[in-house]
Amino acid sequence: MAEPLLEIENLTVAFPTGRREMARVVDGVSLTLNRGETLGVVGESGSGKSMTALSILRLVPEPGRIVQGTITLEGRDLLALPEKAMRPVRGGKIAMIFQDPMTSLNPVFTVGEQIAEAVRIHRGLRGAGAQAEAVEALRRVHIALPERRARQYPHELSGGMRQRVMIAMALACRPDVLLADEPTTALDVTVQAQILALIGELRRDTGMAVLLITHDLGVVAETCERVVVLYAGQVMEQADATTLFSRPAHPYTQGLLASLPEAVPEDAKRLPFIPGQPPSAAQAPTGCPFRPRCPRAMPGVCEKPLPTVTLAPGHVVRCHLYPPPPAPTNGGARMDAGNVPSGTVPAGTPIRGGGGGL
Amino acid sequence: MLLSVEDLHVHFPLGRGQVVRAVDGVSFGIGRGETLGLVGESGCGKSTTGRAILRLVPATRGRVMFDGRDVFALGTGELRALRRRMQIVFQDPFASLSPRLSVGQIVSEPLEIHGVGGAPRERDEKVAALLDSVGLPREASRRFPHEFSGGQRQRIGIARALALDPDLILLDEPVSALDISVRAQVVNLLQDLQERRGIAYLFVGHDLSLIRHVAHRVAVMYLGRIVEIAPAHALYADPRHPYTRSLLLAVPVPDPARRRERAPLEGDPPSPIDIPSGCRFRTRCPHAQEICAREDPPLVPVLGADGQVRPEHLSACHFANSLPVWNNATNPEGPQPAVPSR
Ligand SMILES: Nc1ncnc2c1ncn2[C@@H]1O[C@H](COP(=O)(O)OP(=O)(O)OP(=O)(O)O)[C@@H](O)[C@H]1O
Ligand SMILES: Nc1ncnc2c1ncn2[C@@H]1O[C@H](COP(=O)(O)OP(=O)(O)OP(=O)(O)O)[C@@H](O)[C@H]1O
Ligand SMILES: [Mg+2]
Ligand SMILES: [Mg+2]
């Protein structure tokens with residue numbers, strides 16, 4: 001089962017800031033996606049989730065740059081491939097559902113034409129075959145009267161339908177890896193359930209692996225085997241889903257879970273939240289990037305570089321609350337399950353309420 | 001009522017005699033300082049309803065009254081004045097921000113258009129305060145929309161809508177791109193403003209737990225119509241339309257230990273091009289009977305368990321008063337909070 005398909009190692013993406021420094025919006029991220037698995041990526045808005053996914057396809061927008069790292073797909077380093085060799089990978093082996101359907105769909109072509117075009121390029125289907133496949137793809141994402149809808153333009157569809165067109169297009173090419181960036185934000189819960197079921201089916205039938213970026217922790221709990229928590233461009237915690245929800249170790253993860261509206265009593269007047277703002281990438285603090293907002297920050301300690309600690313097999317956290325075991329560690333900031341020796345540090349007592357503004 | 005929408009229809013012609021009946025007879029009201037949640041299936045007409053209220057798309061039929069004035073009868077000057085008091089935050093934060101304007105310009109544009117906000121210095125301060133209130137640093141005002149992440153752009157849209165101190169904001173999935181902590185901050189801000197200034201919101205969303213928290217009343221839409229509308233607590237505790245029930249049953253639970261197969265609704269939603277006869281939900285309804293194909297059920301008050309009419313709770317279902325009792329057994333998520341066990 002745990003057969004690595006896509007491996008990201010020490011990825012760093014930076015934007016020039018106008019001054020001399022670069023803003024590192026993705027900062028040393030390492031993660032592994034196994035065949036047939038769904039890996040959830042959660043984290044603060046602006047924490048680098050989309051940039052990480054875009055890096056995999058080498059689509060980081062100008063003037064951003066991948067300044068460091070490797071991204072390996074079945075043994076090939078994608079970052080070292082010539083641009084020409086990337087083209088069949090994009091949309092073919094690796095498909096992406098972009099966060100912004102409206103800017104990734106072309107307004108002057110019908111949605112049917114756009115899906116057919118993708119199918120033509122990546123599956124070699126032509127003419128009527130491609131058209132039929134486009135209609136079929138729309139049907140699979142539960143769009144009613146797909147023949148009719150295929151002839152409409154993106155602006156004639158609702159937000160959720162556009163999102164489903166993107167999903168249809170990504171899935172029609174039968175990718176090995178699906179990068180799904182907030183794929184169901186515009187969908188009501190019943191359609192969302194249908195779409196997640198469809199993705200789950202493909203995963204089972206074809207061994208497709210899914211990198212699922214989402215803010216919806218309900219969706220994470222329901223679909224993901226493992227979860228990576230990003231904050232300010234860095235991986236803060238990684239664990240299997242059950243562990244992450246029941247024993248979150250990082251104070252950021254704890255604060256996030258405490259902000260769930262489901263976790264708040266019905267008569268609560270205000271929702272709890274994590275006070276303060278994330279650091280701007282250009283002025284990242286030394287040591288732990290979460291320290292200015294952390295209810296458990298330890299002055300004099302958290303300014304130091306973050307340790308990477310394995311709390312249990314597969315549960316890795318980067319936080320000074322969990323001092324690394326004295327045993328020799330393997331140095332780097334790798335966050336992979338299995339690669340870091342099992343530590344002996346117990347998970348801290350979870351805080352409640354994240355110090356939020358109730 | 002600050003806003004009242006009466007029998008609103010928005011139809012889009014498709015050629016060859018076909019029409020998309022996107023909004024097909026919608027009526028509701030929103031009081032001053034009130035939040036009405038609007039939920040429903042993708043494509044059921046939520047955004048179109050909002051756009052029609054603001055006259056961003058022409059209504060085919062119906063009437064919208066805002067603070068006693070007929071919106072569809074206003075001249076251009078009056079319409080401009082109206083738009084100052086009624087703002088919208090669009091669903092798509094990427095497409096709705098002008099790429100050539102800096103964030104500062106985007107947020108201050110409404111102030112300029114309406115000649116408020118005072119001297120440039122004062123205006124800059126106001127912009128900085130607005131950005132701060134949605135959790136963005138003041139330096140953001142010099143940058144451009146494409147330099148921001150999805151959630152950051154969504155907040156820029158919210159800051160812009162707040163600039164003019166409107167009486168009503170139509171929020172079209174305003175927080176869907178935000179992580180839950182930032183979402184909580186923005187929602188708290190909206191609620192604070194509501195308390196301080198009595199702003200009313202039409203809050204379109206898919207997160208039913210969040211809607212329950214923010215909305216005073218909730219309207220559930222299906223295929224161009226409101227099928228149920230009730231005070232929030234009543235809607236969640238005693239839903240009286242089968243579609244509302246299937247929505248509540250489909251909410252994902254943020255706890256892997258309680259992972260379940262969600263029972264998605266049977267069948268596919270019909271298209272608004274081809275709406276079924278009678279009750280428009282009947283093709284997917286587990287309770288459908290022969291009458292449902294024949295008669296279109298009106299949206300009428302339901303009866304409480306005591307047999308009394310509940311004037312605030314309306315449902316458009318022939319069997320609204322005889323559906324099985326809704327309890328925690330049929331609704332495993334019930335009122336108990338789905339807190340991850342620690
Ligand atoms: N063109 C750009 N110039 C400068 N900074 C940029 C640019 N594009 C993105 N950024 C910054 O990169 C950071 C990471 O952005 P990214 O889109 O990956 O965030 P995200 O985690 O996907 O957030 P969200 O959940 O809001 O979508 C953000 O802080 C954003 O401001
Ligand atoms: N300009 C247009 N031309 C033709 N049809 C349109 C147009 N705008 C909207 N529609 C149709 O109107 C219906 C309702 O769309 P609307 O955007 O209001 O849905 P929604 O409830 O907001 O859905 P979502 O939750 O997916 O955003 C859809 O069938 C859509 O295709
Ligand atoms: Mg993003
Ligand atoms: Mg919409």
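A, B, ... follow the sequence lines: proteins, then strands. Residue 1 opens every chain. Source: prediction; values computed, not measured.
At a threshold of 4.5 Å between non-hydrogen side-chain atoms, the residues B:His206 and A:Val189 do not count as touching. B:His146 places none of its side-chain heavy atoms less than 4.5 Å from the side chain of A:Pro61. A 4.5 Å side-chain heavy-atom check between A:Arg149 and B:Ser271 finds at least one atom pair inside the cut-off. Counting heavy atoms from C-beta on, the side chains of A:Phe273 and B:Asn188 come closer than 4.5 Å. Between A:Ser50 and B:Ser149, the closest side-chain pair of non-hydrogen atoms is not below 4.5 Å. The shortest distance between side-chain heavy atoms of B:Glu195 and A:Lys269 falls below 4.5 Å.
For the ring-ring contact (aromatic ring centres under 6.0 Å, His included) test, no residue two or more places apart in sequence or in another chain qualifies with B:Phe203.
Proximity to chain A is limited to the side chain of B:Tyr243, based on heavy atoms less than 4.5 angstrom apart. Neither the backbone nor the side chain of B:Asp172 comes within contact range of chain A, judged by heavy atoms closer than 4.5 Å. Heavy-atom distances place both the backbone and the side chain of B:Pro137 under 4.5 Å from chain A. Proximity to chain A (any heavy atom under 4.5 Å) is shown, for B:Glu147, by neither the backbone nor the side chain. At a 4.5 Å heavy-atom cutoff, A:Gln163 makes no contact with chain B through either its backbone or its side chain. For chain A, the nearby part of B:Arg284 is the side chain; its heavy atoms alone come within less than 4.5 Å. Contact of B:Gln91 with chain A is made through the side chain alone, with heavy-atom distances under 4.5 Å. With a 4.5 angstrom heavy-atom cutoff, B:Arg153 does not touch chain A via any of its atoms. For B:Leu14, the parts lying near chain A are the backbone and the side chain together; criterion is any non-hydrogen pair under 4.5 Å.
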Are B:Glu173 and A:Thr185 close enough, and set up right, to give a side-chain hydrogen bond (donor to acceptor under 3.5 Å, both in side chains), and what steps lead you there? CA-CA 9 Å; B:Glu173 301 192 31; A:Thr185 41; over 6 Å; no

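Heavy atoms of other residues, nucleotides or ligands lying less than 6.0 angstrom from CZ of B:Arg142 number 12 at most.
Put simply, of B:Cys44, B:Ala177, B:Ser47, B:Ala22, the one with the most heavy-atom pairs under 4.5 Å next to chain A is B:Ala177. Ranked by non-hydrogen atom pairs under 4.5 Å with chain A, the options B:Leu178, B:Val20, B:Leu210, B:Val182 are led by B:Leu178. With chain A as the partner, the residue from B:Gly151, B:Gly45, B:Pro272, B:Gly135 showing the most heavy-atom pairs under 4.5 Å is B:Gly135. Counting heavy-atom pairs under 4.5 Å between each of A:Gly160, A:Gly218, A:Ala241, A:Cys224 and chain B puts A:Gly218 at the top. The residue among B:Ser209, B:Gly205, B:Ala140, B:Ala232 with the most heavy atom pairs within less than 4.5 Å of chain A is B:Ser209. Of the residues considered (A:Val220, A:Val191, A:Leu256, A:Thr214), A:Leu256 shows the highest number of contacts with chain B, using heavy-atom pairs under 4.5 Å. For the options B:Arg143, B:Arg155, B:Gln185, heavy-atom pairs under 4.5 Å to chain A are most numerous at B:Gln185.
Using a 4.0 Å cut-off between charged nitrogen and carboxylate oxygen, B:Asp274 and A:Arg148 do not count as a salt-bridge pair.
Counted by atom type alone, A:Thr190 and B:Glu41 present one or more donor-acceptor pairs between their side chains at under 3.5 Å. With no hydrogens or angles considered, no side-chain donor-acceptor pair links A:Ser259 and B:Arg183 at under 3.5 Å.
For the side chain to side chain contact (heavy atoms under 4.5 Å, CB included) with B:Ile180, the qualifying choice from A:Asp216, A:Leu260, A:Leu271 is A:Leu260, the only one to do so.
To the nearest 0.5 Å, the span separating CG on A:Leu157 from OG on B:Ser42 amounts to 9.5 Å. The OG atom of A:Ser47 sits 7.5 Å away from the CG atom of B:Asp179 when rounded to the nearest 0.5 Å. Summarising the geometry, atom OG belonging to A:Ser45 is positioned 8.0 Å from atom CG belonging to B:Leu136; distances are rounded to the nearest 0.5 Å.
A pairwise comparison of heavy atoms in B:Gln152 and A:Gly46 identifies NE2-CA, 3.9 Å as the closest pair. Across every non-hydrogen atom of A:Glu222 and B:Pro252, the tightest pair is OE1-CB, 3.8 Å.
Applying the ring-ring contact (aromatic ring centres under 6.0 Å, His included) test to every pair with at least one member in residues 214-233 of chain A, sequence neighbours left out, gives these pairs: A:Tyr231-A:Tyr252, A:Tyr231-A:Phe290.
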